[in-house]
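Report on the structure given below.
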Amino acid sequence: MKQSPGRGNCVAEEVARIPQSLVLPQKRAEYTTLQVSNSCQTSFTDWKVKEIPRNSRFIMKTSNPVDDANDQPEDALQRAMGYFEKGPKKSSRSKDENLETHLKAVENVAWKNGLPPEAIDVLLNIALSGTFGNAVNTRLLKCMIPATLIAEDSVVKAVSWLCVGKCSGSIKVLFYRWLVTMLDFIDHKEQINLLYGFFFASLQDDVLCPYVCHLLYLLTKKDNVKPFRVRKLLDLQAKMGMQPHLQALLSLYKFFTPTLISVSLPVRKKIYFKTSENPWTSALIAVRQRNQRPSVGPLKLTLGPDNGPNVKRKWNSHSLIPVLNSGTYAREYGKREMSLSDYLNRNRSLPVEQLQSFPQLLQNIHCLELPAQMGSVLNHPLLLHYINCVRDESILLRLYHWLSQTLQEECLWYKKNNYEQGEEFMNLLDTVIRAQCFLQEGFYSCEAFLYKSFPLWDGICCRSQFLQLMSWIPFSSFSEIKPLLFDHLAPLFFTSTVYFKCSVLQSLKELLQNWLLWLSMDVPQSPMTCNPLDTTLGASIISVSKLIEYVGWLSTIALRLENNSAFLLHFILDFYEKVCDIYINYNLPLVMLLPPGIFYSALLSLDTSILNQLCYIMHRYRDNMTAAKKKDMLEKTKSEFNFSSKTCEEFNNYLTVMIGCLWTSKPFKKEMYIEPHILGKAKVTEYKSNLNLVLHPSLLNYAASFLLQENPEEKAVNVDTIRGQKWNKYLDYLFSEGLQGLKLFIQSSVQRFYAPQ
Amino acid sequence: MLCVASGLARPWRAEHAQARLSAGTGHPGTMEPCDSPESTPRQNASSNLKDYFLASTPWQKRLESVRKQTSFVQTTPRRKVPECSQLQETIDPHKLAFLLHKQWTLYSLTPLYKFSYTNLKEYSRLLSAFVAAEKQKGLAVEVGEDFNIKVIFSTLLGIKGTPRDSEAFLVQILSKSQLPSKNREDKVLWTGWFCCIFGDSFLETVSEDFTCLPLFLANGSESNTAIIGTWFQKTFDCYFSRLAINAFNLSWMAAMWTACKMDHYMATTEFLWSVPCSPQSLDISYAVHPEDAKALWDSVHKTPGEVTQEEVDLFMDCLCSHFHRHFKIHLSATRLVRVSTSVASAHTDGKIKILCHKYLIGVLAYLTELAVFQIE
């Protein structure tokens with residue numbers, strides 16, 4: 001076997017012999033067979049005959065099939081491969097020329113489409129075996145750009161060459177850099193991980209050290225961190241000083257076993273490994289783009305520690321949400337030495353940093369290592385899922401303690417003249433609100449924070465965040481919350497712009513919706529008792545009704561302050577759209593009508609959409625009340641809720657007025673008296689018959705355009721002509737104009753009574 | 001800060017007793033689900049959600065107290081005049097002396113998660129390495145290695161109000177002296193201690209995984225406090241905040257400490273008032289002979305053993321009007337920033353110096369109350 005280098009079969013033999021100490025048994029067996037077949041000198045050719053056609057087909061497929069010019073470089077590549085496998089011929093002159101041509105051929109394909117795994121396997125062997133000179137090896141290594149993947153075996157073989165001293169230091173460096181760049185393109189990494197000890201030993205080489213560090217940084221798993229390695233690294237650090245690559249590796253080690261090592265890193269984020277001058281990155285991107293396929297491996301290879309545990313939490317003055325960091329810390333404290341069972345246990349549990357997907361969460365839900373600082377879950381949707389289903393009190397308490405203090409410390413108007421951190425505080429609130437929306441549940445910390453800070457709020461700072469927080473107040477007794485929150489809200493509400501009023505109403509609508517959802521989830525679980533008002537449900541319903549009453553009060557005054565602004569009215573009616581459907585949508589025994597101030601403003605509004613919305617709301621009220629009545633009759637029990645005859649009467653009154661104003665032209669029969677001189681001023685003497693679907697101020701222009709549609713020639717339209725058959729046509733016209741609420745209302749309320757008409 | 005002040009007017013324990021009382025009698029008119037869980041057995045039987053939202057969780061209890069604190073209901077606050085505690089007898093006099101006559105910066109601290117008194121040695125080891133690593137930024141150190149900096153944890157037995165209070169403990173950063181001599185003494189670079197005096201009402205609201213030590217006192221450089229604090233925050237998922245003392249609470253301190261019986265007075269009673277004016281603020285120092293102060297207090301004091309809000313107000317008003325008579329300056333228009341008595345002295349920045357060992361527990365009890373209020 002002691003053949004001189006340069007002979008063709010020597011390559012394979014070296015491979016077969018050297019890695020014995022490095023590679024696993026099954027690998028060794030493979031190499032042995034290779035050695036056997038090698039002896040008949042045809043192995044590579046045989047292999048090539050079988051393999052190469054498949055390659056070229058593959059490349060043809062991935063490249064643009066229309067482009068015929070591609071064929072030529074592929075053939076050239078095949079020839080080049082043949083050449084490199086056989087090794088350089090002795091004839092010196094033609095050797096250089098041939099070598100150059102073949103190298104060019106390889107480079108052409110590599111830079112354009114990348115090389116197939118098989119070619120990389122062969123060429124990597126050649127480059128590291130020292131068959132050619134340094135310059136050639138460098139060129140070969142530089143064009144090791146994978147088209148798809150790199151076989152793990154090729155890398156293992158290549159690493160084995162590093163042991164024989166065939167390649168120079170610079171080639172080794174280049175190889176390590178290549179390996180770091182290409183790590184994500186290697187199909188499997190089990191074997192490479194087994195070489196961890198070998199790589200670690202290479203740290204001693206001062207030149208290689210930074211690159212090996214980078215490789216180890218990417219390879220290190222928890223099992224790889226051993227006390228003897230920590231000691232070795234610390235020795236190296238003592239020898240070489242504070243090197244960024246060593247820092248990176250040490251911090252990673254600390255991350256896995258905080259009890260073995262302590263390191264503090266500069267607060268400023270730092271990139272430990274530069275990849276900018278990397279000769280492959282740009283080519284990889286180009287190849288990927290040309291091949292028009294999604295990238296095989298992620299190209300973001302700089303794994304700086306910026307997402308690691310190194311960002312030092314700021315001390316009090318401006319704390320952020322803590323970085324996610326698993327709680328091994330606290331648990332391992334108190335154990336002087338880590339026993340074997342600890343290692344085994346830790347292998348079974350999953351640190352939160354490694355949690356990537358929902359299925360992973362489901363599989364590991366029983367053995368999840370929770371973060372050391374619970375506040376970090378706010379930025380982690382998967383952990384929020386976990387929090388949501390685990391009713392472990394201490395988890396919530398940890399989160400709440402942290403959140404309460406952070407909100408209090410960060411709150412802007414607690415600190416005098418300190419508006420620098422406004423952005424930070426707003427972001428914090430946004431994050432908290434996102435988490436609450438995600439969990440569909442308010443945090444108690446936020447509630448407590450609101451109670452403490454609302455009296456001091458100016459109504460401007462972080463307005464949208466504050467109002468959103470308000471809408472997530474957990475369900476509780478309204479009369480308890482009112483003095484803490486709503487009594488402070490009211491003055492702000494009345495003295496602010498119409499936009500503020502609208503946003504407050506919007507938030508109150510969301511609050512009502514959240515409360516209703518919580519209650520409706522809760523109701524089916526509890527069997528109805530015969531005396532419902534004594535139960536918590538009864539109390540809860542009272543609380544909800546008080547909230548609705550309060551909003552009714554706010555809205556009525558606001559409408560007067562804002563001169564019946566249609567914009568505001570929209571938001572108010574939005575709220576009542578929720579209110580009117582409580583019985584049917586949430587199965588809660590509560591029907592509360594809208595106050596007269598709002599009802600009449602909406603009914604006589606100049607805005608058609610307001611009238612339409614009101615019609616829809618009245619229609620829904622009708623459905624809800626009918627459903628409630630029906631159930632009442634069926635169950636024959638005592639009235640199950642305070643859906644009193646008074647409500648019924650009030651509703652009927654509203655209904656009569658609406659029918660009068662829209663249909664029968666007999667508005668305000670009983671309850672209204674208007675001074676004659678006011679009517680005289682308004683030049684309306686016959687007001688009693690001046691309000692119906694045609695003459696209603698918001699519908700008059702519909703009537704006009706309806707008539708114009710009928711008779712486009714008409715110069716003057718007389719809306720009084722809309723009656724009888726034309727009335728029905730006009731109705732259809734209105735419905736076709738999108739007044740769905742009106743349609744539903746008329747269909748449910750009017751035709752029933754006026755069917756014969 | 002108005003709300004904080006009005007909230008604090010409610011004494012901690014009295015309020016709790018009141019909450020219990022209302023649970024017993026029940027409020028038929030108002031809906032207080034937390035206070036009357038017995039009256040609604042259905043709650044426990046079926047509805048998880050209701051349990052969760054309406055009652056029985058410790059957090060809910062805390063929220064109730066927050067609500068009460070911030071609501072406008074005012075009661076007459078009463079506090080006990082500090083007394084010599086029985087438990088205090090057990091304190092190691094050496095350690096006690098160590099705590100006195102030093103200026104401590106106050107912090108409030110949320111409960112420590114999974115803190116164990118049996119692991120103090122291990123914590124020392126890990127914190128030493130952490131401090132060493134922080135001191136030489138960027139250089140990793142092996143845990144257990146020999147540094148010239150050492151961190152020591154030790155318990156402060158007896159510093160508690162009731163037996164239920166968590167044991168206080170002390171953390172010190174020592175710099176090892178380079179001298180080879182046998183009787184060398186390590187130099188103390190920084191000291192901090194954690195305690196809880198009469199914090200039982202707060203204890204009720206957390207589960208057994210937590211250790212409640214709401215008051216943290218530090219002496220030494222701010223940077224060391226930051227390092228230690230960061231380690232605690234990361235390790236026990238707790239949160240440190242500076243504990244400032246507002247003028248309202250300083251008045252209370254002045255009154256309570258003046259009320260203490262002293263064998264002999266070590267210092268004059270002194271008040272520092274700050275006048276906000278430009279370019280520099282003006283400080284007015286107002287010193288009273290401690291016996292005169294005590295005499296004044298005795299004249300306004302009615303209920304034995306107790307201090308009430310009216311008495312505190314009256315005491316301060318008397319002092320102010322006396323000052324006005326002589327200097328024609330309305331001190332009520334300025335801000336009280338420091339109070340020093342023979343018992344202790346406190347600054348509005350949240351700094352305290354305890355002088356009299358007899359009333360150590362009494363002083364700490366009030367500070368614990370303030371700290372608990374802040375972390376509620």
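Hydrogens, waters and symmetry mates play no part in the numbers below; they use all other heavy atoms, side chains included. Just so you know, these numbers come straight off a predicted model, no measurement behind them. Throughout, a chain's letter reflects where its sequence line sits, starting with A, and its residues are numbered from 1.
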(message) Taking side chain as everything from C-beta outward and backbone as N, CA, C, O, which of these in Glu208(B) sits under 4.5 Å from a heavy atom of chain A? Side chain, backbone, both or neither.
(response) neither
(message) Which one wins on heavy-atom pair count under 4.5 Å against chain B: Ser394(A), Gly375(A), Ala238(A)?
(response) Ser394(A)
(request) Applying ring pair (Phe, Tyr, Trp, His ring centres under 6.0 Å), name anything that partners Trp190(B), two or more places apart in sequence or on another chain. (result) none
(message) Could you tell me if Lys234(B) sits above the aromatic ring of Tyr113(B), with its cationic atom closer than 6.0 Å to the ring centre and no more than 45 degrees from the axis?
(response) no
(request) With a 4.5 angstrom heavy-atom cut-off, could you sort out which part of Thr118(B) is near chain A: side chain, backbone, both or neither? (result) neither
(message) Treating Gln408(A) as the side-chain partner and Ser241(B) as the backbone partner, does any N or O pair qualify as donor plus acceptor under 3.5 Å?
(response) no
(message) Please enumerate all residues that pass side chain to side chain donor-acceptor pair (under 3.5 Å) together with Thr368(B), with sequence neighbours excluded.
(response) none
